[in-house]
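To start, the structure under review is shown below, and the notes come after it.
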Amino acid sequence: MKKELGKKPIEEASLPDEIVIPLSQNLGSPCKPLVEIKQRVLVGQKIGDSDGFVSAPVHSSVSGEVVAIEPRLSFSGDKVLSVIIAPDGNQETSSFSGFSESEAKDADKVRVAIREAGIVGLGGAAFPSHVKLSPPKDKPITDVIVNGCECEPYIAGDHRNILENAEIIIDGLKIIMRVLGAERGYIAIETNKIDAIHHMNNLVSSEGNMRVVPLSVKYPQGAEKQLIQVILDKEVPSGGIPCEVSALVHNVGTTIAISKAVREGKPLFERVLSVAGPGIKESKNLKVKIGTPVNHLIEECGGFKGEPGKVILGGPMTGFALFDLSVPIVKGTSGVVVFPREMTIASNPRACIRCGRCVQVCPVRIMPNFIGQYIEVGMIDRAEDADVMDCIECGLCGYVCPAQRPLIQLIRHAKAKIIADRKKGGS
Ligand code: SF4
Ligand code: SF4
């Protein structure tokens with residue numbers, strides 16, 4: 001579903017009339033605004049920050065005037081405090097500068113620079129990168145994987161990034177390996193991106209400690225635990241994180257952002273994503289300013305083809321269906337996928353018929369059928385005992401379910417409740 005889009009170069013999206021920057025774009029405590037209404041801001045200026053370790057600051061993606069600081073709808077359906085900026089069109093940039101070669105070798109300075117640049121995982125999870133680059137002392141990282149699998153249908157932004165920014169990806173990988181003292185670097189690419197594999201292979205052939213790993217086309221191979229298993233033959237334990245098997249995974253876009261933060265001091269205020277799907281007039285790979293409303297990007301691609309049925313933020317398997325197209329693109333948005341009315345079916349969930357298909361496909365080997373039933377009757381503790389927190393939200397269980405059970409929605413609800421309860425309990 002992405003062969004043709006993979007051939008289209010990245011284009012710069014135009015500026016919208018209004019930019020909406022949510023002050024909470026990742027796990028961890030939300031940022032507090034650092035600007036006031038009517039204040040003029042510049043591109044790359046820090047406009048929100050938090051004291052929390054698992055947090056990253058946010059920056060303005062345009063020059064212009066702050067016109068409001070108020071709760072606005074986010075893709076998850078929640079209202080999130082956001083800074084609203086009216087762009088002036090000049091794109092005047094705040095001053096930022098990168099490290100010298102000797103400074104770039106100082107791991108602590110690099111971690112601070114990555115945090116200050118607001119870098120989070122661009123593959124979707126939006127986990128702050130400086131936290132990932134600070135593993136516990138007793139869990140050293142030996143293997144770093146750059147994730148270029150992009151296994152979700154329709155989207156092709158990572159594919160284009162590999163073709164157009166391969167040298168920067170390699171530089172980012174070198175920086176990450178140096179910060180962690182890692183021995184080996186891998187760049188994982190699925191074989192439906194053969195041009196990207198050849199291109200990257202040519203560039204890393206002279207790097208002794210790096211190699212490109214071509215992988216068969218398989219969903220959800222791009223999930224970090226699955227990728228570690230397939231490349232390193234190690235299983236991240238249930239409830240664990242990759243550093244427990246001495247590994248770390250960063251997405252292609254994140255690796256580019258890390259290189260730019262260190263070499264140029266550039267904050268994360270724009271990203272590459274795909275606007276695609278059979279319901280959009282012209283699918284494109286776009287470099288988009290963070291905070292651009294989805295409806296602006298739909299217009300940028302010529303509008304809808306026919307009557308829209310579903311607009312999804314992210315990939316079609318793991319993304320969120322939107323009910324309001326004014327929501328902004330955030331750092332973790334990898335795509336906007338549009339399906340026409342005739343390709344969407346009215347949801348008609350029925351009782352589980354115990355066919356076992358969801359269990360068969362689940363890549364983390366949990367029991368979505370039972371977990372879904374526990375959650376439906378409010379037995380969240382039973383769902384937790386059944387390892388619901390190991391779910392990687394790949395969406396496969398719901399995709400194969402003949403009874404159209406809303407398994408991923410139930411699971412997301414339970415995970416959010418468990419996380420909220422853990423925060424309240426301080427564990
Ligand atoms: S979304 Fe479903 S199939 Fe995927 S990991 Fe979670 S429970 Fe398993
Ligand atoms: S796929 Fe659906 S119907 Fe089949 S066991 Fe799983 S939840 Fe039940």
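Just so it is clear, the model here is predicted, and its values are computed rather than measured. Quick note: residue numbers are just sequence positions, from 1. In each ligand, atom 1 is the first atom listed, and ligand 1 is the first ligand listed.
- Residue-ligand proximity: Ile392 is placed with a non-hydrogen atom under 4.0 Å from ligand 1.
- Using a 4.0 Å heavy-atom cutoff, Gly356 is listed among the residues neighbouring ligand 2.
- Between Tyr399 and Tyr219, the distance separating the two ring centers is not shorter than 6.0 angstrom.
- Under 3.5 Å, the side chains of Thr254 and Ser129 contain no donor-acceptor pair of N or O atoms.
- The contact set between ligand 2 and Cys352, taken as ligand atoms under 4.0 Å from a residue heavy atom, comprises 3 (S), 5 (S), 7 (S), 8 (Fe).
- Distance CG/Asn147 to CG/Asp158: 7.5 Å, rounded to 0.5 Å.
- Protein heavy atom in closest approach to atom 2 (Fe) of ligand 2: Cys401 SG, 2.4 Å.
- Under the 4.5 Å side-chain criterion, counting only non-hydrogen atoms from C-beta, Glu12 is not in contact with Val288.
- Taking every non-hydrogen atom of Ile411 and a distance limit under 4.0 Å, the qualifying atoms of ligand 1 come out as 7 (S).
- Looking from atom 4 (Fe) of ligand 1 to the surrounding protein, the closest heavy atom is Cys394 SG, 2.3 Å.
- Scanning the protein for heavy atoms near atom 6 (Fe) of ligand 2, the closest one is Cys358 SG, 2.3 Å.
- Ile353 counts as a contact of ligand 2, since one of its heavy atoms falls under 4.0 Å from the ligand.
- Taking the ring axis of Phe320 as reference, the NZ or CZ atom of Arg412 stays within 45° of it and closer than 6.0 Å to the ring centre.
- Of the N and O atoms on the side chains of Glu152 and Ser334, not one donor lies less than 3.5 Å from an acceptor on the other residue.
- No side-chain donor-acceptor contact under 3.5 Å links His159 and Ser274.
- Taking backbone and side chain together, Cys362 holds no N, O or S atom under 2.8 Å from atom 4 (Fe) of ligand 1.
- Close approach to Val364 involves these atoms of ligand 1, each under 4.0 Å from a residue heavy atom: 5 (S).
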